[in-house]
Structure formats: C-alpha cells, structure tokens
Amino acid sequence: MAENAPAILWFRRDLRLGDHAALLTAAKSASRVLALYVLDDALLKPSGAPRTAFLSGCLRALDEQLSGRLLVVHGDPVRAVPEVAEAIGAGSVHVHADTAPYGRRRDQEVAAELGRRGVDWVETGSSYAITPGRVTKPDGEPYRVFTPFFRAWLRHGWPSPADTSASTVDWIDPDGLSGVDIPDAPDLGSMTLPEPGERAALAAWDHFRDEALPDYDNRRDRPDLDASSRLSPYLRWGCVHPRTLLAELGDEDEAFRAELAWREFHADVLWHRPETARRNYNTKFDAMKLETGPAARSAFEAWCQGRTGYPVVDAGMRQLLAEGWMHNRVRMIVASFLVKDLHLPWWWGARHFMRHLVDGDLASNQLNWQWVAGSGTDAAPYFRIFNPTTQGEKFDPQGDYVRRYVPELAGLSGKTVHQPWKAGPPDGYPAPVVEHAHERRVALERYGELSP
DNA sequence: TGGATATTGGG
DNA sequence: CCAATATCC
C-alpha cells in the first residue's frame with residue numbers, strides 16, 4: 001500500500017483484539033492509524049447475552065491498553081466503513097480486514113461497495129488462517145475428514161507469532177466522530193464470566209500450560225477437574241492468537257494441537273459450504289424425522305433449563321446458563337441427548353448454545369453440532385448414541401461436577417447422583433423426561449429409514 | 001471422542 | 001459368576 005495514507009484497520013464481527021501482527025503490519029506503512037472495530041448487528045441484538053458482555057469487557061481491556069483511544073463503530077460494515085472514511089476526511093483510505101475464512105464472501109461484498117466509493121481494499125491475515133495459505137488435498141480439493149487434514153496441517157507448518165514488543169502505532173483520537181462508543185455491559189445478575197482481555201488470556205494460558213497441559217490427553221474429558229484450557233473465549237474473541245500458543249507447543253502436545261486444528265478445519269468447511277451454518281452438510285439427513293410440535297417445544301424448554309431428569313445433562317445445561325461456558329465432554333453429552341433422545345433439530349440446540357456461550361463460534365459450534373447429529377463432515381456414526389447415565393458415571397466418577405451445578409442433588413453422595421431415581425425422588429428434581437433405552441431404539445429406527 | 005448384547009474362557 | 005472379546009446397530 002502507498003506510504004502516508006491513513007489506514008483503517010477493520011475488524012469485522014470476529015474481533016481479534018490480540019492480533020497485533022495485523023495491526024502492526026498495517027500501521028508501519030500508514031501515516032495515521034485508526035483502529036476501527038465494526039460490530040455486526042447480531043452481537044447487539046440479545047441485550048442480555050453474555051457473549052456481548054464478554055465482548056464489552058474485551059473492548060474495555062483493550063481501550064485501557066490504548067490509553068482511551070479506541071474507536072468502536074457498530075453496524076453494517078458495508079455502510080459503516082465508508083462513513084468513517086468520510087468522517088476522518090480521507091478521500092481514499094486503506095482498509096485492512098482481518099477475517100475468518102467463512103467471512104470472505106461477505107468481505108467481497110464489502111470490497112465491491114468500497115470500490116464504488118473510491119476506497120482501496122487491502123486484506124491481511126486471519127487468526128483462523130494459522131497456516132499461510134489454505135491446507136488442501138494434493139488435488140486442490142478441501143479436506144472432508146479431520147485426521148488427514150490434521151496431518152497435512154502439521155506438515156504445512158505456520159509462521160512464528162509476530163513480535164509485538166516494539167509497537168510504534170500512532171493512535172489518533174477519534175473525538176468528534178458520531179456513533180462512537182464502547183457498548184455497556186448488560187446486567188449479568190448472578191452470572192460469572194471469565195476475566196476479559198489479552199492479559200487474562202495470557203494468564204489462562206500460563207496456568208493451563210504449567211498445570212494441565214502435560215496430562216491433557218488423559219484428563220481433558222473430566223468435567224469435574226480443572227483439566228481443560230479454558231482458552232476458548234479468548235480464541236473466539238481474538239484476545240490471544242493461536243500461533244502464540246502453537247509457538248510453545250511441541251510434538252508431545254498433539255492432543256491440544258488437534259483441538260486448535262479442529263477450529264481451522266471447521267472454519268475451512270464452513271468457508272466452502274457456508275449454508276451448513278443452518279442446513280445439514282449431508283443432505284441425506286434432510287429426510288430425518290424430527291419432533292417439532294408443542295411436546296417438542298416443551299421438551300426443548302426442559303433441556304434449556306437443565307430439567308431433563310438426567311443429572312449430567314442438567315448439570316451441563318445449568319453450567320451454560322451460569323457461566324456462558326460448558327465443558328467439552330458435557331457439550332457432546334447434552335447435544336447427543338437433544339438429538340438422539342429428544343429427536344429435536346440440531347439447529348435448535350446450536351442456536352441456544354450460540355445465544356449463551358461466551359466462546360460461541362459459528363463454524364465450530366454449528367459443525368460440532370452436526371458432528372453429533374451425524375449430518376456433518378467426518379461425523380460421528382449414527383449408531384454412536386451416548387447413554388447419559390453411563391457417560392456421567394464414567395467422566396464424573398465421584399459426581400462432583402453434578403453436585404456443583406444441580407443443588408437439588410447435593411445431598412446424594414458419590415456416584416449415586418447419576419441415578420437419583422433409584423434413591424427415591426429428591427425434592428424438586430424432575431423424573432427423567434424420557435426413557436433413554438426406548439429413545440435410543442427410536443433414534444436407530446429413524447436413522448434406518450434414511451436412504452443409504 | 002459408544003453402547004447393548006451375545007459369546008467365550010477362566011474362576 | 002464376571003471380565004474380556006466380538007459383533008451389530
């Protein structure tokens with residue numbers, strides 16, 4: 001890009017507050033830098049949504065580090081970017097988009113609009129694109145199975161994280177621009193959210209790397225332990241770049257590297273098949289018989305509230321409401337329950353997750369739901385149906401996780417919490433809404449009706 | 001990144 | 001009887 005041109009650093013809905021590499025690269029060739037964060041309308045709609053609160057926290061944390069010079073613009077990027085370009089008095093500005101791969105199609109719309117207004121378009125990297133260039137099969141086709149993707153991704157390699165210690169960005173004060181502010185955090189009531197911002201992200205990383213990473217492969221499935229990284233909100237909001245983590249990981253950390261690779265894999269799948277955010281990746285599942293009537297709505301409500309009568313399912317759903325986060329193993333269990341025990345559309349569950357998760361990421365969330373439902377790429381085979389009781393006993397062997405989130409069951413000791421119906425009905429805790437053994441047979445029957 | 005059930009082989 | 005194994009969904 002030309003020297004001495006003002007630059008707008010444009011971050012779309014997926015903020016990458018910690019991706020200093022993109023900021024610095026752009027800043028070095030610009031005379032002035034204006035950090036512009038465009039928030040997609042979708043972020044602002046559910047006024048009580050915790051992900052909005054976490055985002056506000058991230059923005060405040062960054063604003064603090066930038067001495068109050070952060071400019072935030074809400075709204076449709078197609079309109080907002082040129083408006084700001086006009087407001088700062090530049091006939092031509094360079095726009096750097098740091099986008100997720102699945103945002104590219106929208107970016108092309110934005111680029112076309114900017115072109116019509118005489119604004120130059122420069123694209124920089126993305127914290128999804130860990131690798132320079134796309135990881136594809138030798139014939140150029142995208143991978144549809146994770147394991148070969150993972151191997152190719154490891155072989156492909158990635159650059160070191162940028163050195164951000166010598167920042168020379170000259171931040172301009174955005175005083176006088178209209179529509180500029182950091183959104184207020186909504187009232188969270190009794191919710192507890194993680195500390196936002198880059199510093200908190202790096203602290204979480206330090207803690208995880210030193211305490212849980214060495215035994216991650218063995219312990220990550222245990223929701224009762226502090227064994228997972230808890231980094232997902234920071235990765236989702238860009239408070240830390242995955243390359244920053246990868247730089248400190250080695251071959252012995254394969255299990256955790258695979259988790260980072262899953263993010264990229266799903267982002268890549270969604271980029272190639274954007275409609276799979278809402279529809280079955282495998283369209284053969286369009287013929288699946290689903291429950292959608294009043295009884296289904298009522299079962300869905302019980303699932304959302306954590307009142308299904310299956311302890312580990314209810315614990316997970318209540319953790320989601322209380323923290324905007326749920327342990328990964330439990331996400332699989334509650335998702336399997338919604339799809340295979342309640343026979344509800346996976347997108348009902350995915351939408352509830354996106355509304356409440358502080359780490360809710362469109363690609364990872366929707367495609368992991370499809371993985372559970374069996375309709376996704378490289379999906380779990382249809383016959384793999386979790387038994388919610390067995391899963392609870394296996395991964396929460398002492399019942400500590402259940403008791404932490406389901407107070408009605410706090411009086412039951414040890415693993416007996418996983419079968420409260422045996423000890424007589426505890427006060428206020430519901431009987432199972434469905435019988436698993438029966439619903440399992442129903443699910444298998446319905447899968448059997450699909451064309452091969 | 002299962003589970004249910006039948007079968008087998010050692011106690 | 002129970003644990004390990006095989007097989008099917």
Side-chain angles (χ1 to χ4, degrees), chain A residues 143-151 153 212-213 215-225 227-229 231-232 253-266 269 281-282 284-285 287-289 310-313 315-316 325-343 346 349-350 353 359 361 363-397 401 415 418-419 432 434-452:
Chain A
Y143 282 98
R144 281 186 287 274
V145 181
F146 174 73
T147 304
F149 171 88
F150 181 45
R151 279 198 269 273
W153 180 79
L213 180 61
D215 210 16
Y216 181 70
D217 198 17
N218 288 328
R219 289 160 42 98
R220 64 186 160 137
D221 273 326
R222 291 281 301 274
D224 55 330
L225 307 176
S228 70
S229 77
L231 286 166
S232 55
D253 305 310
E254 170 142 332
F256 187 67
R257 289 207 296 201
E259 298 302 328
L260 295 176
W262 271 105
R263 292 178 76 245
E264 294 239 308
F265 177 63
H266 282 147
V269 170
Y281 177 91
N282 180 349
K284 146 182 143 176
F285 280 76
M288 171 66 71
K289 187 182 172 195
Y310 285 94
V312 75
V313 173
W325 188 87
M326 196 194 305
H327 187 277
N328 180 249
R329 165 59 56 173
V330 187
R331 294 189 200 198
M332 291 192 276
I333 297 170
V334 304
S336 179
F337 190 82
L338 179 133
V339 168
K340 292 170 182 178
D341 286 76
L342 301 179
H343 320 295
W346 62 259
F353 268 34
D359 64 14
D361 172 275
S364 293
N365 187 62
Q366 311 303 91
L367 290 163
N368 272 315
W369 269 92
Q370 296 218 46
W371 182 88
V372 172
S375 63
T377 175
D378 197 13
Y382 69 91
F383 51 78
R384 192 173 289 163
I385 298 172
F386 284 15
N387 179 325
T389 306
T390 310
Q391 287 280 313
E393 289 168 345
K394 188 169 174 188
F395 296 111
D396 181 29
Y401 176 76
K415 67 182 337 186
H418 292 297
Q419 300 189 61
V434 294
E435 189 209 345
H436 171 71
H438 172 70
E439 304 307 336
R440 175 179 180 276
R441 286 191 292 272
V442 172
L444 287 171
E445 204 173 297
R446 293 185 182 191
Y447 280 111
E449 289 165 3
L450 298 181
S451 58

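So you know, we letter chains A, B, ... as the sequences are listed, proteins then strands, and number each from 1. Computation of the quantities below employed the complete heavy-atom set of this structure, encompassing side-chain atoms and omitting hydrogens, waters and symmetry-equivalent molecules.
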Inset, instruction - For B:dG2, take OP1 and OP2 only and decide whether either is under 4.0 Å from a side-chain N or O of A:Arg329. - result: yes
Legend entry - Spacing of A:Phe395 atom CZ relative to B:dT1 atom C1', expressed in whole Å: 8 Å
Inset, instruction - Taking only the side-chain heavy atoms of A:Met332 (C-beta and beyond), determine which of B:dA4, B:dG2, B:dT1 contains the nearest atom. - result: B:dT1
Inset, instruction - Taking only the side-chain nitrogens and oxygens of A:Gln391, find out if one of them lies under 4.0 Å from OP1 or OP2 of B:dG3. - result: yes
Inset, instruction - Kindly assign one of parallel, tilted or perpendicular to the pair A:Trp262 and A:Phe265, based on the angle between their ring planes and the thresholds 30° and 60°. - result: perpendicular
Inset, instruction - Provide, to the nearest angstrom, the distance between the NZ atom belonging to A:Lys394 and the C1' atom belonging to B:dG2. - result: 7 Å
Legend entry - For atom CG of A:Asp341 and atom P of B:dG2, their distance in whole Å: 15 Å
Legend entry - Rounded interatomic separation in angstrom, taking NE2 from A:His438 and C1' from B:dG3: 18 Å
Inset, instruction - Ignoring the backbone of A:Thr390, work out which of B:dT1, C:dC9, B:dG3 is nearest its side chain. - result: B:dG3
Legend entry - Phosphate-side-chain proximity, A:Asn328 and B:dT1, N/O vs OP1/OP2 below 4.0 Å: no
Inset, instruction - Would you indicate whether A:Arg144, at its atom CZ, is surrounded by more than 12 heavy atoms from other residues, nucleotides or ligands within a distance under 6.0 Å? - result: no
Legend entry - Shortest side-chain distance from A:Phe386, nucleotide among C:dC9, B:dG2, B:dT1: B:dG2
Inset, instruction - Mark yes when over 12 heavy atoms from residues, nucleotides or ligands other than A:Lys284 sit less than 6.0 Å from its NZ; otherwise mark no. - result: yes
Legend entry - Shortest non-hydrogen separation from A:Ser364 to A:His266 and the atoms involved: CA-ND1, 4.1 Å
Legend entry - Worked check of salt bridge (charged side-chain N to carboxylate O under 4.0 Å, His left out) between A:Arg331 and A:Asp359: CA-CA 13 Å; A:Arg331 294 189 200 198; A:Asp359 64 14; 2.8 Å; yes
Inset, instruction - For A:Glu254 and B:dT1, give me the distance from atom CD to atom P, rounded to whole Å. - result: 12 Å
Legend entry - Integer-rounded Å distance: B:dG2 P and A:Arg384 CZ: 5 Å
Inset, instruction - Please report, rounded to the nearest Å, how far the C1' atom of B:dT1 is from the CD atom of A:Gln370. - result: 18 Å
Inset, instruction - Figure out the CD/P separation between A:Glu439 and B:dG3, and round it to whole Å. - result: 17 Å
